[in-house]
Amino acid sequence: SGLHRLNASSARYRNIGIMAEKEITGCFQQEQIKELKLYKIASELLQTERAYVTRLHLLDQVFCARLTEEAGKGMFPVEVVKGIFSNVGSIYTFHSQFLLPDLETRMSQWASTPRIGDILAQLAPFLRMYAEYVKNFDSAMDLLKQWTERSAQFNTIIQDIQSQEVCGNLTLQHHMLEPVQRVPRYEMLLKDYLKKLPEDDPDCSQAKKSLNIISMAATHSNMAIRKMENLKKLMEIYEMLGGEEDIVNPSNELIKEGQILKLAARNTSSMERYLFLFNNMLLYCVPKFSLVGQRFTVRTRVCVEGMKVLETSNEDYPHTFQVSGKERTLELQASSEQDKEDWIKAFQETIEIFQQKNETFKSSRLELGKRAPRWIRDNEVTMCMKCKEPFNPLTRRRHHCRACGYVVCYKCSDYKASLRYDGNKLNKVCKDCYFILTGRADAEEPVSGKKRGILEIEAAQVSGNSFLCGFLQYSTDRTKPCQRVWCVIPQHDALVLYLYGAPQDVKAQCTIPLLGYQVEDVQRSVDHPPTSFRLCQSKSVHCFTADTEEVKLRWLKVIHKAVIGEITPKQHPSNHLEHHSNILATI
């Protein structure tokens with residue numbers, strides 16, 4: 001019996017050993033599978049990065065270079081090319097000379113260094129330069145469309161490059177969307193990488209750090225993608241309407257569309273109709289026969305301003321509701337109770353959002369002319385604060401609007417209106433104030449609905465919420481004389497330097513995306529005083545001179561942080577004073 005117990009015990013231990021061996025083997029296999037998945041994600045990142053750099057080369061070295069060359073011959077303004085391609089050259093340099101080479105090296109050493117989080121954590125701050133590209137994207141699309149239609153030479157160059165094999169039968173607009181889509185792609189791959197990465201892996205903290213930075217940049221890109229998709233949809237609707245309605249505008253947003261029945265006012269018949277509800281108007285359309293897809297004729301355009309929607313009851317026709325506006329009242333029948341509720345909800349939300357956006361503008365208009373404004377000083381602006389044309393002593397002199405205090409040119413101040421603070425006497429006012437004070441049609445008020453370009457940010461607006469602002473002498477060429485400019489690094493856009501002619505100008509002369517620039521402290525020389533410094537990137541050189549050594553050091557310390565992405569754009573205004581004082585304490 002003792003021998004039997006010994007054999008049984010030995011067999012039990014053998015079984016335990018076999019089970020332990022299987023468990024160890026299984027764990028080892030699971031580890032191998034995880035490592036293989038991590039390697040595949042890293043490989044996908046490298047492969048897509050190679051393809052992306054090829055696209056960036058096409059944008060910067062083919063499209064942009066060719067158009068810049070032709071612009072130099074006077075075919076069209078070189079500023080148009082700069083406006084379209086923004087800082088794509090900086091983005092191409094970063095990816096081709098830094099990120100891609102680092103990924104190539106890491107993947108060749110994967111056996112000894114199986115991680116990518118450290119590389120992305122080091123380089124992810126530079127992805128903030130995409131904010132400039134994404135912010136300029138709408139304006140770039142507008143410029144591209146405008147000059148393709150306006151200039152035959154411009155259009156010929158675009159078509160010639162697009163016909164080449166390297167373009168893959170895709171348009172320039174399609175290729176320009178690539179940088180907007182790239183950052184969300186990094187975010188997706190990094191999230192997948194973190195799911196497969198063990199919590200105790202040394203690369204985990206670095207990967208999480210880079211994901212936080214990339215996610216912020218991806219938010220801006222996703223907004224731009226949605227805007228692009230909205231523009232594509234507007235183009236489709238434009239074609240459906242036979243090109244007769246001018247609706248292709250980035251400020252127009254499609255809310256809802258669909259078939260509906262219109263109840264006749266004089267009898268009990270119903271007619272098939274189609275609605276396009278936008279954020280600012282409703283297009284009431286009639287279907288028309290077509291062999292090439294849906295086509296409609298616009299019967300009525302109803303503005304959202306002043307619009308009301310009511311649920312109605314009709315014994316003969318269920319699911320009805322009424323939409324009334326300044327232009328027309330429509331009694332409509334939905335296909336079901338749920339369809340009716342969806343339409344009513346869409347109308348109500350659109351009306352509410354429209355009213356909220358106009359509340360601030362209307363309240364400011366009520367105070368206009370009741371009290372004397374603060375006059376903007378002549379030396380605080382270099383251009384008309386309305387039409388943005390530069391002043392000169394002969395043909396475009398400075399005038400003050402007596403209602404808002406802005407400095408404007410003679411064309412923009414050729415109006416008169418009675419002002420309450422001056423005993424209702426007639427005073428010279430600008431065009432915008434004239435239409436507000438006299439209650440003229442909104443269609444003639446260019447202030448509320450005009451889309452701003454990338455440079456059309458008022459100097460006073462950003463100076464009051466900036467990390468640093470002040471006068472500097474500026475030049476892009478040591479052989480040319482310096483120009484005194486008002487420089488601002490705003491809190492909302494901390495990685496961009498804005499250059500204005502004066503502190504109250506309504507439009508910047510230019511912007512410099514700081515990420516990736518080299519900062520050089522210029523030593524005393526014949527050409528440069530000791531308070532000079534330079535920003536250099538590739539062939540781009542920007543020379544600055546401060547008034548004193550102390551001012552120069554302040555600018556250098558802030559710019560040093562910006563070029564490596566250490567300054568975070570500040571969005572919440574409530575923390576402005578505390579945040580601003582913290583930054584100033586560091587410089």
Side-chain angles (χ1 to χ4, degrees), residues 55 58-89 133-164 166-180 224-254 276 278-281 283 290 292-298 301 387-389 443 446 449-456 507:
R55 290 286 180 86
L58 177 65
L59 284 174
D60 185 51
Q61 300 296 309
V62 181
F63 276 108
C64 184
R66 175 87 179 275
L67 288 169
T68 302
E69 180 184 352
E70 295 300 322
K73 299 175 183 177
M75 295 289 188
F76 36 82
V78 70
E79 287 76 15
V80 171
V81 183
K82 291 179 180 178
I84 292 173
F85 293 96
S86 184
N87 62 333
V88 73
Y133 185 89
V134 170
K135 185 173 64 175
N136 186 60
F137 189 74
D138 284 348
S139 176
M141 292 296 102
D142 289 344
L143 269 178
L144 183 57
K145 181 177 181 293
Q146 177 185 341
W147 281 90
T148 301
E149 295 172 351
R150 179 186 295 185
S151 170
Q153 297 96 329
F154 186 94
N155 185 49
T156 300
I157 294 168
I158 299 294
Q159 296 298 328
D160 178 50
I161 299 174
Q162 287 180 168
S163 65
Q164 296 176 17
V166 68
C167 273
N169 294 320
L170 297 174
T171 64
L172 173 56
Q173 288 91 331
H174 185 280
H175 290 298
M176 288 183 68
L177 191 59
E178 283 277 326
V180 177
I225 291 171
R226 286 194 292 272
K227 286 182 180 180
M228 187 63 181
E229 290 173 347
N230 181 58
L231 281 174
K232 287 181 179 178
K233 184 62 182 177
L234 293 177
M235 283 299 299
E236 291 175 7
I237 298 173
Y238 177 76
E239 293 177 1
M240 288 181 191
L241 303 179
E244 297 180 5
E245 294 292 322
D246 185 17
I247 61 167
V248 184
N249 188 314
S251 63
N252 292 336
E253 180 185 352
L254 179 68
F276 293 101
F278 296 90
N279 58 322
N280 53 3
M281 63 180 167
L283 296 184
S290 173
V292 287
Q294 288 181 303
R295 291 291 184 270
F296 304 97
T297 299
V298 177
R301 182 191 290 230
C387 69
K388 303 174 184 64
E389 290 294 327
K450 185 177 178 180
K451 181 174 175 278
R452 288 189 171 191
I454 188 171
L455 299 176
E456 293 183 46
K507 181 180 178 181

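In what follows, residues are counted from 1 in the order of the sequence shown.
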| message | Could you check whether any side-chain heavy atom of E236 comes within less than 4.5 Å of a side-chain heavy atom of L254, counting everything from C-beta outward? | response | no

| Just wondering, do F137 and P179 contact through their side chains at under 4.5 Å, heavy atoms? | no

| task | Return yes if some donor-acceptor pair links the side-chain N/O of Q162 with the main-chain N/O of L172 below 3.5 Å, else return no. | result | yes

| field | Minimum-distance pair of heavy atoms, taken over all atoms of L144 and I158 | value | CD1-CD1, 4.4 Å

| message | Please determine whether side chain to side chain contact (heavy atoms under 4.5 Å, CB included) holds for the pair F76 and I157, giving the CA-CA distance in whole Å, both sets of side-chain angles, and the decisive distance to 0.1 Å. | response | CA-CA 12 Å; F76 36 82; I157 294 168; 4.1 Å; yes

| Could you walk me through whether F276 and I247 pass the side chain to side chain contact (heavy atoms under 4.5 Å, CB included) check? | CA-CA 11 Å; F276 293 101; I247 61 167; over 6 Å; no

| task | Find out whether H175 and C167 are in side-chain contact, i.e. whether some heavy atom of one side chain is under 4.5 Å from a heavy atom of the other. | result | yes

| How far apart are the closest heavy atoms of R301 and M281, and which atoms are they? | NH1-SD, 3.2 Å

| Could you state the interatomic distance from OG1 (T148) to CD (Q173), rounded to the nearest 0.5 Å? | 6.5 Å

| request: Check whether more than 12 heavy atoms from other residues, nucleotides or ligands sit under 6.0 Å from atom CG of D160, and answer yes or no. | output: yes

| query | Are side-chain heavy atoms of F296 and I237 found at a separation under 4.5 Å? | reply | no

| Could you give the distance from NZ (K73) to CD (Q153), rounded to the nearest 0.5 Å? | 11.5 Å

| query | Which heavy atom of Q294 sits nearest a heavy atom of M240, and at what distance? | reply | O-CG, 3.7 Å

| request: Return the minimal non-hydrogen interatomic distance between N136 and G83, and the atom names on each side. | output: ND2-O, 2.8 Å

| field | Residues K82, E79: salt bridge by 4.0 Å N-O rule | value | no

| task | Any chance you could lay out the side chain to side chain contact (heavy atoms under 4.5 Å, CB included) test for R55 and L170, step after step, and finish with the verdict? | result | CA-CA 11 Å; R55 290 286 180 86; L170 297 174; 3.9 Å; yes

| field | Under 3.5 Å donor-acceptor, S151 side chain and W147 backbone | value | no

| task | Specify the closest pair of heavy atoms between F85 and L67, including all atoms of both residues, with the distance to one decimal. | result | CE1-CD1, 3.7 Å

| said: One pair to check against side chain to side chain contact (heavy atoms under 4.5 Å, CB included): M176 and I84. What are the steps and the verdict? | reply: CA-CA 9 Å; M176 288 183 68; I84 292 173; 3.8 Å; yes

| query | Taking NZ, NE, NH1 and NH2 as the nitrogens, is one of them in R66 or E69 under 4.0 Å from a carboxylate oxygen of the other? | reply | no

| query | When rounded to the nearest 0.5 angstrom, what is the spacing between CD in E149 and CG in N155? | reply | 9.0 Å

